[in-house]
Structure formats: C-alpha cells, structure tokens
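The structure appears right after this line, and notes come after that.
So that the names make sense, note that chain A is the first sequence line, chain B the second, and so on, each numbered from 1. Note that the structure is predicted; figures quoted are calculated from it, not measured.
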Protein chains: 2
Amino acid sequence: MPTGFNTDDMKKLDEVVATRRRVKQGEMLFSNGDVFTSLYAIRTGFFKTCVSTEDGREQVTGFQMAGEIIGLDGIVTDHHSCNAVALEDAEVCVMPFANVEDLSREFPLLQRHVHKIMSREIVRENSVMMLLGNMRAEERLAAFLLNLTQRLHARGFSQTELTLRMSREEIGSYLGMKLETVSRAFSKFSDDGIIEVKQRYVRILNTDALKKIFNPETCS
Amino acid sequence: MPTGFNTDDMKKLDEVVATRRRVKQGEMLFSNGDVFTSLYAIRTGFFKTCVSTEDGREQVTGFQMAGEIIGLDGIVTDHHSCNAVALEDAEVCVMPFANVEDLSREFPLLQRHVHKIMSREIVRENSVMMLLGNMRAEERLAAFLLNLTQRLHARGFSQTELTLRMSREEIGSYLGMKLETVSRAFSKFSDDGIIEVKQRYVRILNTDALKKIFNPETCS
DNA sequence: GTAACTCCTTGATGCAAATCAAACGATGAC
DNA sequence: GTCATCGTTTGATTTGCATCAAGGAGTTAC
C-alpha cells in the first residue's frame, strides 16, 4: 500500500497498535451492541461483516481481507452495529480509537489516511447500493468476482485463480440473492466457458467476458 | 443537534466555513469526477446524491436535508464519485476540507464530530444494504417513510405529515424498485388506511402499522 | 469402512415485481 | 381559455428470481 509515510512516520504509526488478537474461524471479532473501543487492521485471514434484523434476516455488508480496516461502524454511537466474523483463522492489530485520534492530531498524514479509509468505505457502499438496486443476478456475481480478484491481485495473488473463503449463502447475502441463484450463476458462467468452478475454487478463463457482463457498455 | 460544543468552540467552528453557496432546484452542487475540495453543510433545502453506470442506470444513494453533510465521497480519491442534486432551492455552507482537517487537529471535539459524521454515513448505508438485499417493496417504502418523518421531526416538523421533495422515480431508485411499484405501494398503504396520499403530500394515519410492516417482529 | 453433517447443484413450480400500456391530474406556455 | 408536458396511477402481462424439493460431493467422527 502506498501510504506516503516515511520510516520515521511509520515508527510513530506503530504506536497506535496496542496489541494483536487472534480470531479463529467462525469466531466474532466484535458483534452488534459491543462497546466500541478500537479499529482493527487485518494482518492475516478473512472476515465478513453483517447486520441483522430482529426477525433473523441477515445481510452481509462486506468481506474484508489483509490490510483492510474494520470497526468503523462503531464510532458514531460508541457501540458496534454489525458483527465481524472470521471466515478463516485470522490475526488483527488492535488499534484503540483514542490512540488513533490522538496521533492523527499530531500527524496530518495519519489523519488524512484515516479520513480516506472512511471515505473509501462510503464509496464502496455506494457501489454496493448500485449493485443491489440496479443489477441482475449475473451482473452482481460478475462484479463480485472481479472485485475479489482485483483486491487479491493487489496483494500479490493470481488475477485469475482464487479460493473463495465464503459459502454460496454468504455470497448471496452480500449480493441480495439466494444461494441457489448464486450457484446457478456460477454454473452459467462455467457453461459459457467464462470460469471454471469446483466448489470454492474458481478460475477465471475470460476476464473480458466477465467485465462485459458486469458492464455491457464500456467493453463493447 | 447536541454537539457538545460550547460557545467558544462554536466561534472557532465558524472558521471552517469559507462561504455560502446557493443551489437552485435541479442544479448540481457537485458531480461525478469533480475535484474534491470541500464538504458541504446543508443550511436550507433538500438534496439527493446518486451514482450512475456508463450505460445510464442511476442509483440514488441518499436524500439529505438541512443540517446534514454531503461530499464525503470525494475524500478518498480527491474527486467526487457521485452527483449531488438540489431537489429544491438550497443553500449550503462550503467547508474547505483543508480547513476541516487543520481545525480538527486543534479541536478534538471537532475531530470527533467529523469521525462520527463519517461513521454515521457508513452505518446508514449498511441499513440501506439490508433494505435492498432483504426487504420487499412495501417494507422498503415503510422504512423510507419512517426514516423521513423521523428526520423531519428532529427538525421541528410534524411526525405525521410531510411533502415529499422527490418523485416516485427517485424514491424507487433509492429503494431499488420501479416507480410503478412505489406508486402501488403508496396506494396499498392508502387503501389500508395507513396513510393518506395526494401526489407528494403524505399524511401518516397509523405509524404503528407502518412500523409493523417495516419490522413484523418487534411490534407484535 | 459408514454414518452424519454441511455445502453445493439442479430441476420444477410459484410469485413479486418489472414491463408494457393507457389514461388521469397538475403545471406551465401562450 | 387550449395545448403540451411531466409526474402519477392503474391495469394486463411477462419474467427473473425465490421457493420447494431432491440428490450429489466433500468433510468429520467413530
């Protein structure tokens, strides 16, 4: 990640991290109602965040991987309003938010960084709203796969091969569709020769075709 | 709004506001691609923010009224990624973001306030994702009406009467449904004696019924 | 090994909302 | 006043996805 920090800044930055915390697969890092104290930077592992209604309906609001920050939802009310669940064994850096605020008053670069992280999350959610409000099942899945591979690629993984950390049901919850529909869309892409799927292993054979499905216009 | 600022703080706070700007109905305060310089606090009037795809599909991402802040989407890339359109003649306070950052380094309360505003937006978008991903047409409209009246009530307006500033199509875009479906849901509520509708005038006759539609469980 | 479980795939059917279509009401131009 | 335009309502029809249902694949426990 290009942060614009020099080594001196980096040293100061380490001060925001109080401790590390391991979270086993299936465990919650925090959950709805918990008192908010810290942001968490994911070192290793993979998380989902989700909100739920009283009558038990659940909406996955995001999937987060190494280098990403979770817990921003807690700032406004001092309590978390969603659950963060590890989808594989994970380790996070605990950053007490008081430290973050104190240090970002001293270091404009850190301050800027914090603002950008929050703004990025707002923009990401805007595009999920577009997905949920305007796109059809296959467009949603195409967008999802492109987004995942792009983020994985930025972390040094393959652009065309990935192992999903989440179930069809969790993908469906994120994309506003049922697990059967997710499965059918995978099968459709596979039949069309766009991807190869074997359970959670996915290999993208034709990225352009995926992009065309996601956005018919720009790649004509 | 309970801000926790004393009068002395408030005076300093005025420093973040560079100028005011009037925006006529239908005009854009900023649009996708514009260079980001400032946040805007709405003094009077009513806005919508929306994102759009290259093939012309539009998603309304929010409706904003007096006292609310828009422009947060621009921080991450230094460019706005959505459009902000005035739905009625409006006036905003222009707050150059550089000022905001400078002053919030000096005033922890302002810093905290900025963080809360961004976090609140993230949490709001989480609940819109729940709406779009899990709810049916009538639940969405009920949630929308309850949210609007609640925000208007906090500003001293009636809890039960309002004049919509947006068209059926804009409501539909926000809620992920077509204008005809919005219209039918209004008619249904009206037939059921829950609301009275006359074009953009809406009067809520039975708030509990609306709440029950929005969330069948909690109000049984 | 097999039993029990979870997750995934596929097929058949149903339904909520989209689409297509027409008419109505409000507003503004002249 | 009339006409044109835009937003809204309502009806008829279609459709994409949900739901219901059954079976297959992979994993864990013993």
Side-chain angles (χ1 to χ4, degrees), chain A residues 24-26 48 55-60 85 87-89 131-145 162-192 195-203 213 216, chain B residues 24-26 48 55-60 85 87-89 131-145 163-192 195-202 213 216:
Chain A
K24 283 207 183 302
Q25 187 176 52
K48 70 169 176 181
D55 55 322
R57 286 182 282 188
E58 191 174 282
Q59 173 72 35
V60 171
V85 181
L87 295 179
E88 60 181 11
D89 290 356
L131 216 70
L132 293 172
N134 277 294
M135 307 238 193
R136 30 253 283 358
E138 287 173 24
E139 294 176 303
R140 295 182 200 189
L141 187 63
F144 172 73
L145 289 173
L162 70 157
T163 300
L164 300 170
R165 253 71 226 211
M166 68 295 281
S167 70
R168 299 288 189 265
E169 186 166 19
E170 286 163 335
I171 296 171
S173 173
Y174 182 57
L175 298 177
M177 48 209 249
K178 293 294 159 184
L179 70 96
E180 294 95 329
T181 308
V182 175
S183 179
R184 277 182 239 272
F186 270 120
S187 299
K188 176 65 163 42
F189 289 169
S190 179
D191 290 348
D192 293 350
I195 62 173
E196 199 185 307
V197 203
K198 187 83 191 297
Q199 302 285 122
R200 295 196 175 182
Y201 167 82
V202 178
R203 187 166 160 208
I213 289 167
Chain B
K24 283 207 183 303
Q25 187 175 51
K48 70 169 176 181
D55 55 321
R57 286 182 282 187
E58 191 174 281
Q59 173 72 36
V60 171
V85 181
L87 295 179
E88 58 181 12
D89 291 355
L131 217 70
L132 293 172
N134 277 294
M135 306 237 192
R136 29 225 339 316
E138 286 174 25
E139 294 176 303
R140 294 182 200 190
L141 187 63
F144 172 74
L145 289 173
T163 301
L164 299 170
R165 254 69 225 211
M166 69 294 281
S167 69
R168 299 289 187 265
E169 186 166 18
E170 287 162 334
I171 296 172
S173 172
Y174 182 58
L175 298 177
M177 50 208 247
K178 294 293 160 184
L179 71 95
E180 294 95 328
T181 308
V182 175
S183 178
R184 277 181 238 273
F186 269 121
S187 300
K188 175 66 162 42
F189 289 169
S190 180
D191 290 349
D192 293 350
I195 63 172
E196 199 185 307
V197 203
K198 187 81 192 297
Q199 302 286 123
R200 296 197 175 182
Y201 167 83
V202 179
I213 289 167

**OP:** Using the heavy-atom set of chain B and a strict 4.0 Å cut-off, write down the first and last nucleotide of DNA chain D that makes it in, 5' to 3'.
**Re:** D:dG7 to D:dA12
Subject >> salt bridge (Lys or Arg N to Asp or Glu O under 4.0 Å) against A:Lys178, all qualifying residues, sequence neighbours excluded >> reply: none
Subject >> Residues from residues 169-176 of chain A lying under 4.0 Å of DNA chain D - heavy atoms >> reply: A:Gly176
**OP:** Sequence neighbours left out, what passes side-chain hydrogen bond (donor to acceptor under 3.5 Å, both in side chains) with A:Glu169? Give chain and number order.
**Re:** none
**OP:** Check side-chain hydrogen bond (donor to acceptor under 3.5 Å, both in side chains) between A:Arg168 and all other residues, then give those that pass, not counting sequence neighbours.
**Re:** none
In whole angstrom, what separates [X]'s [atom1] from [N]'s [atom2]?
X	N	atom1	atom2	answer
A:Tyr201	C:dC8	OH	P	17 Å
A:Met166	C:dT6	CE	C1'	18 Å
A:Asn134	C:dA17	CG	P	16 Å
B:Arg136	C:dC15	CZ	P	12 Å
A:Leu87	C:dC7	CG	P	12 Å

Original post:
Which side chain to side chain donor-acceptor pair (under 3.5 Å) pairs, counting each pair once, include a residue from residues 180-192 of chain B, with sequence neighbours left out?
Top reply: B:Lys188-B:Asp192
**OP:** Rounded to 10°, tell me the angle between the two end axes of the helix from C:dG1-D:dC30 to C:dC30-D:dG1, each built from five pairs.
**Re:** 40°
[X]: side chain to side chain contact (heavy atoms under 4.5 Å, CB included) partners, not counting sequence neighbours:
X	value
B:Ala143	B:Leu131, B:Phe214
A:Gln25	A:Glu88, A:Asp89
A:Arg136	A:Glu139

Are any protein N/O atoms closer than 3.5 Å to N/O atoms in nucleotides 21-29 of chain C? If there are, list each pair with its distance.
none

Subject >> A:Val182 side chain reached by A:Phe144 side chain, heavy atoms, under 4.5 Å >> reply: no
Subject >> Rounded distance [0.5 Å steps], CG in A:Leu145 versus CD1 in A:Ile213 >> reply: 9.5 Å
Original post:
Once you round to the nearest 0.5 Å, how far does OG of B:Ser173 lie from CG of B:Leu179?
Top reply: 11.0 Å
Original post:
If you pin A:Val182 and B:Thr181 to their nearest nucleotides in DNA chain D, which one's is more 5'?
Top reply: B:Thr181
Original post:
Quick one: does B:Arg200's side chain have a donor or acceptor within less than 3.5 Å of a partner on B:Thr163's backbone?
Top reply: no
Original post:
Would you find a donor on one side and an acceptor on the other, under 3.5 Å apart, between the side chain of A:Arg203 and the backbone of A:Ile195?
Top reply: no
Original post:
When we call it a touch if two heavy atoms are under 4.0 Å apart, what does B:Ser183 touch: a base, just sugar-phosphate, or nothing?
Top reply: base
Subject >> All ring pair (Phe, Tyr, Trp, His ring centres under 6.0 Å) counterparts of A:Tyr174, not counting sequence neighbours >> reply: A:Phe63
Subject >> A:Arg200 side-chain N/O to C:dC7 phosphate OP1/OP2 under 4.0 Å >> reply: no
